[in-house]
Amino acid sequence: MYIQKDMKAQMQEIIGKISTDLTLSADSATYIEELYEQYLLAPETVSEDWQLYFGQFPQGDQPHGPIKQQFKDLARNAHRVQNIEKTEVSPEQQLRQIAVIKLIAAYRHRGHQKAKLDPLGLAKREHVAELELATHGLTQADLATFFFTDDLAIGKPQASLKEIIQHLKNTYCQSIGAEFTHLINTQEQRWLQRRLEQTQNRFNFSADKKKQIFHLLNKAEGLEKYLANKFVGAKRFGAEGAETLVPLMHEIIQRAGATGTKEIALGMCHRGRLNQLVNIFGKHPNEMFAEFEGKLFTNSGSGDVKYHQGYSSNVMTDGGEVHLALQPNPSHLEIVSPVAVGSARARQDRRQNVDEVLSVSVHGDAAFAGQGVVMEAFQMSQTRAYYVGGTLHVIVNNQVGFTTSNILDTRSTEYCTDVAKTVQAPILHVNADDPEATIYAIQLAHDYRKEFRKDIVVDLYCYRRRGHNEADEPSGTQPLMYQVVNQLPTTRNLYLNQLINEKILTQAEADHMLLQYRDRLDAGQHVTDNLVLDPDQSMYVDWAPYIGLSYSDECDSTFDLNRLKQLGVILNTVPEGFVLQRQVQKAVDDRLSMQTGELALNWGAAENLAYATLIDQDYPVRITGEDVGRGTFSHRHAKLHHQVDGSTYIPHCHIKPNQPHFALYDSLLTEEAVLAFEFGYATTTPKSLVVWEAQFGDFANCAQIVIDQFIASSETKWERNCGLTLLLPHGFEGQGPEHSSARLERFLQLCGEDNMQVITPTTPAQIFHALRRQALRNIRKPMIVMSPKSLLRHKLATSTLDELATGTFQTVIDEIDDINAEQVTRVVLCAGKVYYDLLEKRREQQLKHVAIVRIEQLYPYPEARLTEVFRRYPNLQQLIWAQEEPENQGAWLFIALRLYKLMAKMEKIVDVQYAGRETAAAPACGSPYLHAKQQTELVQQALGL
């Protein structure tokens with residue numbers, strides 16, 4: 001900053017870096033004064049350049065003394081440019097120049113607080129002393145004084161203070177309020193500064209462009225009125241008061257397409273969504289009308305309300321076709337945003353081009369400020385795992401939350417956008433009743449995102465002409481606001497009056513346009529003018545092989561044994577000179593021994609081999625989570641670290657030439673936005689294995705919205721298939737209530753209509769085949785894996801290479817010991833890690849009448865396989881369900897009724913019992929001693945000891 005330097009050196013720097021646009025000397029000051037007198041009497045008698053120059057001074061009866069002094073000062077300053085080393089600048093002049101520079105900086109920093117943003121004129125703005133002359137030691141007498149303009153984009157090196165202030169007000173205090181001085185990147189700041197200051201909110205749009213903007217406003221208002229008349233009182237979360245969102249979205253698409261974008265992945269709030277679907281995305285109006293009349297949204301399942309539906313289409317731009325993919329979303333506000341960003345990343349990975357896919361998120365104001373997932377998504381934006389080259393954010397700012405009567409109750413910050421500053425995202429606040437300013441703001445935002453590949457926010461200040469929905473009466477909670485709203489002309493009418501005054505449109509032409517639009521709606525025609533009716537199908541994700549399939553457990557997941565051994569060597573061979581940490585080196589050496597049969601295959605080796613075989617068969621693999629490279633329990637070691645230079649090596653990236661992409665990323669420390677992102681990614685890449693691993697299974701609690709609203713129900717609500725895999729470490733190891741349970745019961749409670757798979761694998765071969773089956777089958781269902789902790793290194797939890805090569809995933813595993821089935825009177829049925837505790841105790845006690853059966857897939861419930869297993873025990877009298885979890889948790893409440901029904905169907909009189917911990921509020925106790933005692937008791941109870 002200049003104020004940090006010596007005043008004389010500072011003034012020299014200012015004058016030295018500019019050149020005056022007027023060649024003056026002290027001798028010519030008298031001549032200029034005479035010329036000024038002539039200008040005052042007859043402006044047209046002086047040249048145009050002098051008219052512009054003299055026009056900067058106050059008009060009317062003005063004392064000539066200050067102006068005359070300005071001419072002398074200007075002449076001296078011009079002389080100083082040539083003789084800077086010989087001439088001294090007075091301290092007073094230095095201080096005044098510095099004050100002007102500080103004033104310019106103040107407008108850039110806080111001018112947005114005086115911008116005309118609120119269409120209603122109700123917003124109370126903070127008094128900004130920094131924008132006052134007195135704060136900087138300046139007075140009204142200085143307005144006529146000329147100062148160096150520094151880097152202000154005013155087009156000349158010197159200007160009067162009045163002209164400088166007017167330029168700053170035009171730039172920063174009109175319909176666009178720009179926040180960008182919080183950016184730490186100077187290049188980004190100056191780029192935005194130049195673009196804003198060169199324009200001064202004078203956008204110079206052509207008459208055709210203005211007609212296009214009006215045409216889109218006309219459609220936006222026309223649809224809302226049409227729906228209001230046709231479906232009186234029906235909920236639609238209309239765009240009334242936010243109609244400018246329609247031309248804004250059209251501008252995003254057209255500008256993106258013209259600059260090389262091929263696909264746009266969008267997430268959007270409820271407000272104005274139906275309007276966008278019809279007017280921008282090309283949804284047929286008759287289809288929407290049918291939905292208002294009660295048409296089912298899906299061929300099977302529950303469906304969802306019309307303003308939650310997604311849509312995809314192709315539209316034409318100057319740069320060719322652009323594919324639009326609007327994500328379906330629930331009423332959980334901001335959760336759809338990271339889903340849409342995940343979809344954008346998948347599209348970029350498929351194209352291997354960041355610039356060809358644009359991520360756009362449309363938010364609500366109160367949700368943007370209030371929902372923590374917004375901050376999570378911003379923190380993800382520049383990380384390697386979740387980077388999409390920046391997301392273009394648009395906020396539909398209704399200036400009131402749900403039905404909140406005071407904006408102070410919705411946030412603690414001046415703007416709803418302040419959370420975006422955490423990642424230095426620029427923010428452009430804009431008055432939605434100024435459509436041209438809105439279009440310029442979105443153009444600027446798009447160009448910034450393309451230039452710097454970072455997030456940027458456009459805060460569209462609008463209002464709700466109706467309440468939260470069309471059945472809501474807003475004046476009950478916002479009486480003053482709706483006194484203004486009810487008297488306010490619509491944005492269309494305001495802009496029409498402007499265009500009529502500019503002689504671009506007539507009232508008759510506008511009325512005719514509205515009638516034409518309504519006629520098209522009545523005729524059942526598409527109203528999206530640039531919709532591609534015969535779209536390029538290659539731009540769509542091909543889900544055809546994966547939809548409409550009935551669930552089946554069958555899958556050939558075998559793999560050639562020799563190639564499996566070769567892959568094992570590749571995974572455990574590092575480049576020459578690559579120095580591994582001692583324990584990691586041992587793990588690598590042990591895995592090499594597993595390929596020869598010297599050691600039994602453990603969990604980590606089998607899991608890594610599963611990924612390698614899929615890559616070898618041309619299936620892309622993506623794995624993310626907080627510790628996935630190493631594995632939370634140091635079992636995976638898929639990313640190896642050089643102990644000397646810190647470099648990394650991922651063997652899975654070197655399976656074969658031209659292999660599909662293998663992505664392995666340690667994620668940031670959050671679950672909700674990350675899991676939402678991975679869901680969006682998985683729904684856009686059907687031929688892939690997408691895995692998210694929680695650090696501990698209970699961390700999935702923090703992403704429960706994603707699990708409930710997307711993973712468990714997306715297929716039945718929106719016909720949106722997804723093959724996402726969740727690895728959730730689960731098992732009672734005495735670590736206390738927080739890291740014992742992945743809340744198996746919650747997932748089982750969500751199961752229905754074959755919507756997902758919940759498995760509890762207990763051997764390395766089982767996880768190997770489960771992961772392979774998830775990708776190889778064309779069935780795309782989420783898979784929830786209750787993955788182990790102690791089993792990762794349990795002496796009994798091992799497999800052979802042959803079991804990997806020739807086996808398959810077993811939904812139920814029968815007794816493995818040599819026990820006479822006819823002697824068995826008691827079958828203990830269990831899932832997960834408790835099996836090994838039961839097995840070791842049963843062997844210790846040499847119980848020949850007890851068989852232990854593992855259910856490895858709890859859902860879809862393997863009734864046929866269980867029936868087959870139980871029929872092997874003709875003398876069965878007692879069927880015990882054993883679990884580590886308390887009775888009110890785990891799988892007992894899910895499976896008990898199914899076991900009763902199964903026994904009745906088999907016509908067996910069998911006593912079905914529970915063995916496990918008693919009902920509890922927390923998943924586990926905090927005492928290792930008490931945990932061991934409880935574990936011993938439940939094992940003994942299950943075995944009948």
I need the minimum non-hydrogen distance between Y482 and R465, along with the two atoms involved. CE2-O, 3.6 Å
Charged N-O contact under 4.0 Å between E251 and K209: yes
Would you please name every residue forming a side chain to side chain contact (heavy atoms under 4.5 Å, CB included) with A220, sequence neighbours left out? E243, V246, N275
I need the C269 SG to E334 CD distance, nearest 0.5 Å. 7.5 Å
Are E240 and V485 close enough, and set up right, to give a side chain to side chain contact (heavy atoms under 4.5 Å, CB included), and what steps lead you there? CA-CA 11 Å; E240 292 138 310; V485 169; over 6 Å; no
Closest non-hydrogen atom pair between A207 and I504, with its separation: O-CG2, 4.0 Å
Donor on one side chain, acceptor on other, Q113 and E414, under 3.5 Å: yes
Can you see whether D118 engages Q399 through a side-chain donor-acceptor pair at a distance of less than 3.5 angstrom? yes
Spell out, as yes or no, whether a donor-acceptor pair under 3.5 Å connects the side chain of E376 to the backbone of A673. yes
Between V396 and L245, is there a side-chain heavy-atom distance shorter than 4.5 Å? yes
Under 4.0 Å between a Lys/Arg side-chain N and an Asp/Glu carboxylate O for R108 and D151? yes
Where the side chain of Q382 meets the backbone of R453, is there a donor-acceptor pair that is under 3.5 Å apart? yes
Roughly how far, to the nearest 0.5 Å, is the CG atom of L248 from the CD1 atom of I213? 10.5 Å
Do the side chain of N398 and the main chain of V400 share a donor and acceptor less than 3.5 angstrom apart? no
Could you verify whether a donor N or O on one side chain and an acceptor N or O on the other, from T171 and Q200, lie under 3.5 Å apart? no
If you round to the nearest 0.5 Å, how far is CH2 of W191 from OG1 of T186? 16.0 Å
May I ask you to say whether D142 pairs ionically with R96, meaning some side-chain N is under 4.0 Å from a carboxylate O? yes
Should I104 and L168 be marked as a side chain to side chain contact (heavy atoms under 4.5 Å, CB included) after you check the CA-CA gap, both sets of side-chain angles, and the distance that decides it? CA-CA 7 Å; I104 292 171; L168 291 167; 4.0 Å; yes
Donor-acceptor contact below 3.5 Å, side chain Q174 vs main chain N201: no
If you count the non-hydrogen atoms of other residues, nucleotides and ligands that lie under 6.0 Å from NZ in K116, is the total more than 12? no
List the steps, then state whether side-chain hydrogen bond (donor to acceptor under 3.5 Å, both in side chains) holds for S175 with N431. CA-CA 5 Å; S175 294; N431 188 325; 5.1 Å; no
Should we say atom CD of E502 is surrounded by more than 12 heavy atoms from elsewhere, each under 6.0 Å from it? yes
CG/N229: more than 12 non-hydrogen atoms of other groups inside 6.0 Å: yes
Salt-bridged, E130 to K102, with N to O below 4.0 Å? no
Exactly one of D433, L488, L480 clears side chain to side chain contact (heavy atoms under 4.5 Å, CB included) with L120, and that residue is L488
Chi angles and distances behind the side-chain hydrogen bond (donor to acceptor under 3.5 Å, both in side chains) call for D318, Q254: CA-CA 7 Å; D318 289 343; Q254 291 300 314; over 6 Å; no
Sorted by chain and residue number, the side chain to side chain contact (heavy atoms under 4.5 Å, CB included) partners of Q189 (sequence neighbours excluded) come out as F180, T181, L183
Can you name the nearest heavy-atom pair linking A367 to V374, along with the distance? O-CG2, 4.1 Å
Tell me whether the centres of the aromatic rings in Y107 and H167 are closer together than 6.0 Å. no
Check the side chains of R273 and N329 for a donor-acceptor pair under 3.5 angstrom, ignoring hydrogens and angles. yes
In terms of the angle between their ring planes, are Y461 and Y415 parallel, tilted or perpendicular, with boundaries placed at 30° and 60°? perpendicular
Provide the closest heavy-atom pair for P119 versus A432 in the form atom of the first, atom of the second, distance. CG-N, 4.5 Å
Any luck finding a side-chain donor-acceptor pair between N170 and Q166 under 3.5 Å? yes
To the nearest 0.5 Å, what is the distance between NE2 on H215 and CG on N279? 8.5 Å
Distance (rounded to the nearest 0.5 Å) between L326 CG and I280 CD1: 12.0 Å
Output yes when a side-chain donor or acceptor of T259 lies under 3.5 Å from a complementary backbone atom of A256, and no otherwise. yes
I need the minimum non-hydrogen distance between V341 and S359, along with the two atoms involved. CG2-OG, 3.6 Å
After noting the C-alpha distance and the side-chain angles of F378 and H393, does the key distance pass the ring pair (Phe, Tyr, Trp, His ring centres under 6.0 Å) rule? CA-CA 11 Å; F378 273 117; H393 300 268; 4.8 Å; yes
Side chain to side chain contact (heavy atoms under 4.5 Å, CB included) assessment of T199 paired with L444: CA-CA 11 Å; T199 307; L444 181 61; over 6 Å; no
Look at atom NZ of K450 and say whether more than 12 heavy atoms of other residues, nucleotides or ligands are closer to it than 6.0 Å. yes
Working for side-chain hydrogen bond (donor to acceptor under 3.5 Å, both in side chains), residues R190 and Q193: CA-CA 5 Å; R190 289 179 176 171; Q193 179 181 301; over 6 Å; no
When every non-hydrogen atom of A441 is compared with those of L428, the smallest separation belongs to O-CD1, 3.5 Å
According to the interplanar angle, ranging from 0 to 90°, do the rings of H112 and H429 count as parallel (below 30°), tilted (30 to 60°) or perpendicular (above 60°)? tilted
Could you tell me whether D529 and K219 have a side-chain N and a carboxylate O separated by less than 4.0 Å? yes
Roughly how far, to the nearest 0.5 Å, is the CD atom of E436 from the CZ atom of F203? 7.5 Å
Is the number of heavy atoms from other residues, nucleotides or ligands under 6.0 Å of R125 CZ greater than 12? yes
Report the C-alpha separation of L358 and I252 in whole Å, then their side-chain angles, then the decisive distance to 0.1 Å, and conclude whether the side chain to side chain contact (heavy atoms under 4.5 Å, CB included) test is met. CA-CA 10 Å; L358 172 63; I252 291 175; 3.9 Å; yes
Residues which pass side chain to side chain contact (heavy atoms under 4.5 Å, CB included) with L514, listed by chain and number, not counting sequence neighbours: N218, R492, R518
